[in-house]
Amino acid sequence: MNSDKREPVGSHGDLVALRHSAAHVLAQAVKRLFPSAQVGIGPATEEGFYYDFRFDRPFSPQDLEKIEEEMRKIISAGAPIVRRPLSREQARDLFEKSGEPFKLEILHSIPSDAEITVYDQGEFTDLCRGPHLPDTAMIGAVKLLSSSGAYWKGIETNPSLQRIYGTAFHTQKELDAYLERLEEIRQRDHRKIGKEQGFFRTLDENGAGMVLWLPRGAKVRRVIEEIWKTRHDRHGYQYVYTPHIARLDLWKQSGHWDFYRDSMFSPMEIEGSEFELKPMNCPFHILIFKESVRSYRDLPVRLAELGTVYRYERSGTLHGLLRVRGFTQDDAHIFCRPEDIASEIGKVLTLVDEMLSPFGFTNRSVYLSTRPEGSVGSDENWALATGALEEALKTAGIPYEIDPGEGVFYGPKIDMKFHDVLGRTWQLSTIQVDFNLPEKFDITYRDSSGNAVRPIMIHRALLGSVERFFGILVEHFKGAFPLWLAPEQVALLTIADRHIPYATTLASELQNAGIRVFTDFRNEKIGAKIREAQMMKIPQMWIMGDREAEEQTVSVRNRDGQAGGALPWKEALTSVAEEIRSGLSLNTASGLESGRTTHSKGVSD
RNA sequence: GCCGGCGUAGCACAGUGGUAGUGCAGUCGAUUCGUAAUCGACAGGUCGUCGGUUCAAUCCCGACCGCCGGCUCCA
């Protein structure tokens with residue numbers, strides 16, 4: 001599986017024009033088959049194209065087949081695609097006559113100084129700025145993929161249109177490769193694998209968007225969480241636990257009730273006061289910071305928590321583990337002096353790579369999101385925070401792009417998207433600077449002169465959320481976790497009942513060595529046991545019969561089907577233990593000296 | 001939330017206006033067997049929920065719940 005899928009053959013410019021032309025062919029075919037359909041817009045997208053139509057009913061799969069067939073006719077017949085500049089009036093007449101209200105609306109929104117062009121191909125004319133291929137015959141291979149509803153201009157109150165998605169390539173071979181990739185993505189779907197492998201479930205009985213972690217998924221989660229805690233300990237974070245609900249007043253004070261209410265569940269009443277399920281952990285960490293008097297000597301204070309939060313997400317947006325209503329953020333809040341922001345961010349950047357590289361996420365894109373509409377805080381603070389983020393990125397030598405207006409309401413942020421084995425990108429890490437909450441809660445520390453000074457706060461999550469991260473991992477590894485992460489690391493398979501005592505001894509040895517063991521001592525043929533272990537994607541199988549019991553060996557077989565032959569069991573155990581250790585790479589020393597917890601807040605006196 | 005599709009045993013799926021099947025999994029029995037499925041028997045479902053139409057509903061209609069594909073949004 002290579003990761004260069006984002007670079008399709010042929011130049012991008014070419015492909016965009018080709019797909020845009022394919023969209024026009026789609027519209028032409030629809031108009032031929034369904035003359036009453038009105039056309040919306042039809043752009044090329046990242047992976048193909050779509051076209052929106054107003055039609056009195058949704059398009060069925062059978063419709064799509066017919067439309068696709070008609071498109072092929074148009075393509076094989078060939079027709080020059082001709083650019084034709086028109087005056088505003090001519091264009092208006094044209095689309096009034098052809099009865100295309102959406103085109104007229106677009107026409108009205110084109111700036112008065114812009115040139116108006118239409119493109120003709122055969123009997124079909126579309127308002128469009130181009131560019132296009134010179135002839136429909138040059139569209140190599142097309143395929144319609146799906147249809148769905150979409151709002152005109154994406155606004156919910158606008159009329160709802162029928163959108164048809166498709167893709168197009170220069171050659172059939174490229175199209176086939178793309179379709180294979182789609183199939184590969186289907187095969188990797190974490191919802192499918194999660195069910196097959198018994199990793200997690202969501203059930204009607206407990207409501208949408210709430211995840212039940214089954215034992216096999218939970219084992220993997222524990223490994224992830226243990227690594228996470230160990231690394232955070234080493235980087236000078238202090239682990240805390242906070243409640244799942246808090247008084248509504250707390251959320252009012254934090255500003256969430258004003259700015260985040262749309263994502264919060266309704267309050268619940270307890271003995272006359274209102275409580276709210278937490279959508280974030282930060283107010284609790286603020287309270288913990290505030291709980292004792294802080295000196296500049298204590299800073300930075302780094303509070304970490306795998307904190308489960310609950311957010312109201314609209315039902316239609318829920319998706320497996322990637323979008324849920326209850327999820328666990330790998331959260332931490334760093335309280336520091338304004339002059340330390342850049343260096344603290346730098347340390348977080350180091351930790352991000354240390355945390356994610358063991359999982360194979362080494363390739364990332366970094367975005368710096370700046371001040372959005374409707375945000376809080378002063379311009380100076382926004383400038384200071386944004387500057388500190390940039391400085392940290394530059395110091396770390398990390399290339400980044402600016403994402404204008406995509407910051408959070410309380411501050412700018414760095415977002416990191418990582419590339420998986422298929423070259424897909426996933427938003428994982430986020431680092432956000434916040435001047436607002438320290439203000440709202442009036443938190444301070446004492447500087448060297450004894451003055452109360454306001455610290456700033458950095459919110460950060462490396463994995464994003466444990467649920468989403470796990471879902472991404474399932475897709476990344478196709479359910480076959482590496483040895484160090486797998487729910488069961490070694491499967492012990494007996495040939496016959498008389499080998500059970502020997503296998504039982506080995507099971508204890510493995511368990512004592514901290515290795516996760518799966519035992520299959522059933523009265524089944526070895527082929528059946530191997531098959532099941534293989535389907536569970538257990539990395540290593542140890543098969544034991546008369547010879548092995550006699551010689552104190554095991555016959556090792558990997559899940560890729562390779563049988564490694566007999567090995568003394570002690571050797572096999574050592575080699576597994578070694579592979580686990582290096583996979584966890586807990587011995588990494590990089591950047592750790594910066595992270596000792598040196599003060600004794602709450603422990604002494 | 002909106003548009004469209006869907007909801008039959010633990011899982012994957014058939015099927016019908018007259019109260020349902022297949023495969024795998026499960027249970028029991030036999031078998032003790034060397035690198036991806038041993039054989040046999042049994043058991044398992046108020047056909048997502050609630051209401052309506054009908055002599056009769058799992059099937060038709062409605063609402064709700066949930067899932068899927070999009071829109072929108074996002075950890």
Side-chain angles (χ1 to χ4, degrees), chain A residues 50 52 55 57-61 145-165 189 191-192 195-198 201-210 262-263 279-281 307-309 311-331 406 408 415 426-430 432 459-469 471-472 493-500 521-536 541-548 555-559 561-566:
Chain A
Y50 67 82
D52 286 342
F55 193 48
R57 62 172 176 85
F59 293 109
S60 67
L145 298 170
S146 61
S147 63
S148 72
Y151 303 105
W152 171 238
K153 292 181 175 171
I155 298 167
E156 291 190 17
T157 48
N158 279 351
S160 152
L161 308 177
Q162 303 300 327
R163 175 169 298 178
I164 297 177
Y165 286 91
D189 193 314
R191 293 167 300 183
K192 169 180 141 73
K195 196 185 278 188
E196 285 168 358
Q197 293 288 322
R201 292 298 302 262
T202 54
L203 297 175
D204 306 15
E205 287 91 324
N206 76 328
M210 303 292 180
D262 287 350
S263 298
M280 293 192 187
N281 302 301
T308 303
V309 298
R311 297 183 185 174
Y312 166 68
E313 301 285 354
R314 304 202 291 177
S315 55
T317 65
L318 300 171
H319 182 91
L321 292 178
L322 303 184
R323 191 77 184 278
V324 292
R325 285 179 175 156
F327 59 97
T328 305
Q329 291 183 307
D330 66 312
D331 211 357
E406 289 301 310
V408 203
D415 280 335
W426 303 98
Q427 154 92 57
L428 297 176
S429 312
T430 181
Q432 309 170 354
H459 308 245
R460 38 111 296 177
L462 312 182
L463 311 177
S465 82
V466 180
E467 284 76 6
R468 169 184 280 183
F469 186 69
I472 292 166
L493 312 181
T494 48
I495 301 278
D497 287 353
R498 62 181 176 281
H499 309 122
I500 293 176
F521 299 167
R522 290 174 307 162
N523 175 10
E524 279 290 348
K525 291 173 81 173
I526 193 65
K529 297 188 187 184
I530 289 171
R531 179 166 193 271
E532 285 185 32
Q534 197 104 341
M535 290 197 304
M536 289 170 76
M541 289 162 234
W542 291 6
I543 296 155
M544 285 157 283
D546 288 337
R547 195 174 56 240
E548 287 80 8
S555 173
V556 177
R557 181 191 163 106
N558 292 321
R559 69 179 155 203
Q562 283 185 334

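Throughout, protein chains are lettered first and strands after them, A, B, ... in sequence-line order, and every chain is numbered starting at 1.
Using atom C1' as the reference point in both B:G7 and B:C50, the two lie 15 Å apart (nearest Å). A distance of about 31 Å separates the P atoms of B:C68 and B:G52, rounded to the whole Å. With both ends at atom P, the span from B:C39 to B:C24 equals 9 Å, rounded to whole Å. A gap of 12 Å separates the C1' atoms of B:G48 and B:C6, to the nearest Å. Look at the P atom in both B:C42 and B:G21: the space between them is 15 Å, to the nearest Å.
Sequence order on RNA chain B of the closest nucleotides to A:Glu524 and A:Tyr312 puts A:Tyr312 first from the 5' end.
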Before you tell me yes or no, could you show the steps for A:Asp331 and A:His459 under side-chain hydrogen bond (donor to acceptor under 3.5 Å, both in side chains), namely the whole-Å CA-CA distance, both residues' side-chain angles and the distance that decides it to 0.1 Å? CA-CA 7 Å; A:Asp331 211 357; A:His459 308 245; 5.6 Å; no
Expected string for nucleotides 66-75 of chain B under the B/S/- scheme (protein heavy atoms, under 4.0 Å, primed atoms plus P, OP1, OP2 as sugar-phosphate) is SSSBBBBBBB
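Side-chain N/O atoms of A:Glu205 and base N/O atoms of B:G48 include no donor-acceptor pair closer than 3.5 Å.
Regarding A:Arg547, its CZ atom lies at a distance of 8 Å from the C1' atom of B:G34, rounded to whole Å. The nearest whole Å value for the distance from the CD atom in A:Gln197 to the P atom in B:G10 is 20 Å.
If you check every strand for non-hydrogen atoms under 4.0 Å, A:Arg559 touches nothing. The residue A:Lys195 sits close only to the backbone: its heavy atoms come under 4.0 Å of sugar-phosphate atoms, none of a base.
The main-chain N or O of A:Thr328 is found under 3.5 Å from a side-chain atom of A:Glu467 such that the two form a donor-acceptor pair.
One finds no side-chain N or O of A:Lys525 lying less than 4.0 angstrom from the OP1 or OP2 phosphate oxygen of B:C39. Look at A:Arg557 and you won't find any side-chain N or O under 4.0 angstrom from OP1 or OP2 of B:G34.
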